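Down below is the structure, laid out as C-alpha cells.
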Amino acid sequence: MNYSSPNEAALQVKRWPKNTLAAGCRHTVGLKSDGTVTAAGDNKHGQCDVKGWRDITAVAAGNVHMAPNTGNAHTIGLKSDGTVIAAGWNKHGQCDVNGWRDIAAVAAGWRRSVGIKSDGTVVAAGRNKEGQCDVNGWRNITAVAAGDWHTAGLKSDGTVTMAGNNRYGQCDVSGWRDIAAVAAGYLHTVGLKTDGTVTAAGMNKHNQCDVSGWRGIVAIAAGSHHTVGLKSDGTVMAAGMNKHGQCGVKGWRDIVAVAAGCAHTLGLTSDGRVVAAGDNAYGQCDVSGWHSMQLSGAVSSILLSRENRPALCAMKTSIE
C-alpha cells in the first residue's frame with residue numbers, strides 16, 4: 001500500500017474493497033490469513049457454518065436491526081476464483097449465489113446479498129420488496145453497502161447511487177461528491193469523503209448521523225443505530241446508540257479495520273487480533289482468542305509529523 005506525503009495525504013476511491021471482518025445481527029465472521037473463515041455467535045440458521053470454507057478473500061454478514069421477531073441471518077464469502085459461497089438463512093434466496101461468476105467484492109444486507117463484478121456492474125439476490133435489489137442498471141461501481149432495506153453503490157467518480165426504501169431519507173445522497181467509501185445501517189447511510197471527513201443521511205434518532213465533526217477518518221462502518229469511524233492514527237470513533245456499549249471504543253489502539261453489527265462493534269488490530277464491544281447475548285463478541293486474521297485490504301496508518309498529524313492512506317483509483 002502506498003502512502004502520500006503530508007501535503008498530499010488524501011483518501012481516494014478504492015476499487016473493490018475486500019472486507020476481512022464482518023458483523024451480523026447476532027454473529028461475527030472473520031477471514032484468517034490462510035484463507036479460511038471463523039465465526040462466533042448465533043448459529044440458528046447455520047450462518048456460522050463456515051469451517052469448511054477455503055480460498056476466501058472477503059466476507060460479509062447479513063445484518064438487521066434488533067427486534068424480537070428478527071435476527072435471522074446469513075454469511076457470504078468471496079472466493080479467490082471470483083465465485084461466491086453462502087451459509088445460513090435462505091428464505092428469500094439470499095444464499096442463491098452459486099451461479100455468480102467474476103465477482104470482485106461482496107456485501108450482505110437484511111435478506112439479500114450483493115456482488116460487484118469485475119466490469120463494475122452489480123448483481124443481487126434475495127428480497128426485493130422495497131427495490132433494494134434493483135441494481136441491474138448500475139455501472140462503474142467500485143464498492144457496495146447493504147442496509148436493512150436499501151443498497152448503496154459507490155461509483156468510480158466518487159458519487160453514490162441508491163436503491164430501495166427511502167422513508168427516512170437514507171437514500172438522499174444525490175449531492176454527495178468525493179466519496180471514498182460507503183456504509184449502510186438500518187435506516188441511515190454513511191459516506192467517507194476523500195478529505196477524511198464523513199457525511200451521513202437518514203434516520204438520526206440516536207445521533208448516528210452526527211459525524212460532521214469527524215476528521216482524519218480512513219474507514220467507516222454502520223450498525224443498526226450507530227456509526228463507527230477508524231482514524232488514521234489507529235484509534236476509533238463512534239456515534240449513536242450505546243445501549244449495549246457498542247460505542248465503547250475510546251480505548252482501542254492500533255486498529256486497521258472496523259465492522260459494525262446490529263449492536264456490536266469489531267476492530268482488527270495490526271497484529272491480526274480482533275477486539276469487540278457491545279451486545280454479546282449470543283457470544284458474537286467472543287473473539288478474544290482470534291488471531292492470525294487476514295490483514296490484506298485493511299487500512300494501514302502512520303503518523304508523519306511531530307504534531308502527530310495523520311496522513312491518510314492513499315488508495316489507488318486506477319482500474320486495473
Side-chain angles (χ1 to χ4, degrees), residues 1-19 105 107 116 120 138 140-147 150-162 166 169-185 187-204 207-223 226-240 249 255-260 297-304 308-319:
M1 186 171 289
N2 298 325
Y3 292 93
S4 61
S5 69
N7 293 329
E8 297 171 336
L11 279 168
Q12 299 176 11
V13 176
K14 182 182 181 183
R15 197 176 196 213
W16 310 325
K18 301 288 195 297
N19 294 324
I116 307 177
W138 288 8
N140 301 317
I141 301 299
T142 64
V144 287
H150 69 294
T151 303
L154 175 61
K155 302 188 72 174
S156 58
D157 63 359
T159 61
V160 180
T161 186
M162 304 292 298
N166 193 35
Q170 61 266 45
C171 293
D172 292 342
V173 301
S174 59
W176 288 10
R177 298 291 184 273
D178 302 318
I179 303 298
V182 289
L187 296 170
H188 75 295
T189 305
V190 186
L192 172 61
K193 302 191 73 175
T194 56
D195 63 359
T197 61
V198 181
T199 186
M203 178 183 277
N204 196 33
N207 301 317
Q208 60 265 48
C209 291
D210 290 349
V211 296
S212 59
W214 289 9
R215 298 290 185 273
I217 304 298
V218 295
I220 53 174
H226 72 295
T227 301
V228 182
L230 171 61
K231 299 192 71 175
S232 60
D233 63 0
T235 61
V236 181
M237 301 183 70
V249 297
I255 304 298
V256 296
V258 289
V299 174
S300 297
S301 57
I302 54 175
L303 301 178
L304 290 181
N308 289 335
R309 177 174 53 183
L312 301 178
C313 179
M315 299 180 180
K316 294 182 180 180
T317 60
S318 61
I319 297 177

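Counting begins at 1 with the first residue of the sequence. In this text, all values refer to a predicted model and were calculated from it rather than measured experimentally.
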Between Ala257 and Ala298, what is the shortest heavy-atom contact and its length? CB-CB, 4.3 Å
What is the minimum heavy-atom distance between Thr151 and Trp138, and which atoms define it? O-CH2, 3.7 Å
Checking Asn207 now: which residues fulfil side chain to side chain donor-acceptor pair (under 3.5 Å) with it, not counting sequence neighbours? none
Could you state the interatomic distance from CZ (Arg15) to CG (Asn140), rounded to the nearest 0.5 Å? 8.5 Å
Atom NZ of Lys231 and atom CE of Met237: how far apart are they, to the nearest 0.5 Å? 5.5 Å
For Asp172, enumerate each residue passing the side chain to side chain contact (heavy atoms under 4.5 Å, CB included) test, keeping only those at least two apart in sequence or located in another chain. Asn166
Provide the closest heavy-atom pair for Gly169 versus Ala201 in the form atom of the first, atom of the second, distance. O-CB, 3.6 Å
With a 3.5 Å cut-off and sequence neighbours excluded, list the donor-acceptor pairs that the side chains of residues 212-220 form with protein atoms.
unit_1: Arg215; atom_1: NH1; unit_2: Ser212; atom_2: O; d: 2.9

At what distance, to the nearest 0.5 angstrom, does CD1 of Ile179 lie from CG of Asp157? 10.5 Å
Please give me the minimum heavy-atom distance between Cys209 and Gly202, naming the atom from each residue. SG-O, 4.0 Å
I'd like to know if the side chain of Thr142 reaches the main chain of Leu154, judged simply by a donor and an acceptor atom lying under 3.5 Å from each other, with no hydrogens or angles considered. yes
Give the C-alpha distance, both sets of side-chain angles, the deciding distance and a yes or no for side-chain contact (heavy atoms from CB on, under 4.5 Å) between Ile141 and Thr161. CA-CA 9 Å; Ile141 301 299; Thr161 186; 4.0 Å; yes
Can you check whether Thr194's main-chain N or O pairs, donor with acceptor, with Asp178's side chain at less than 3.5 Å? no
If I take atom OG1 from residue Thr197 and atom CG from residue Leu192, how far apart are they, to the nearest 0.5 angstrom? 7.5 Å
Sidechain-backbone polar pair: Gln208 side chain, Met203 backbone, donor-acceptor under 3.5 Å: yes
Least distance between heavy atoms, Trp176 atom then Thr189 atom: CH2-O, 3.7 Å
Restricting to non-hydrogen atoms, name the atom on Gly185 and the atom on His150 that form the minimum distance, rounded to 0.1 Å. O-CE1, 3.3 Å
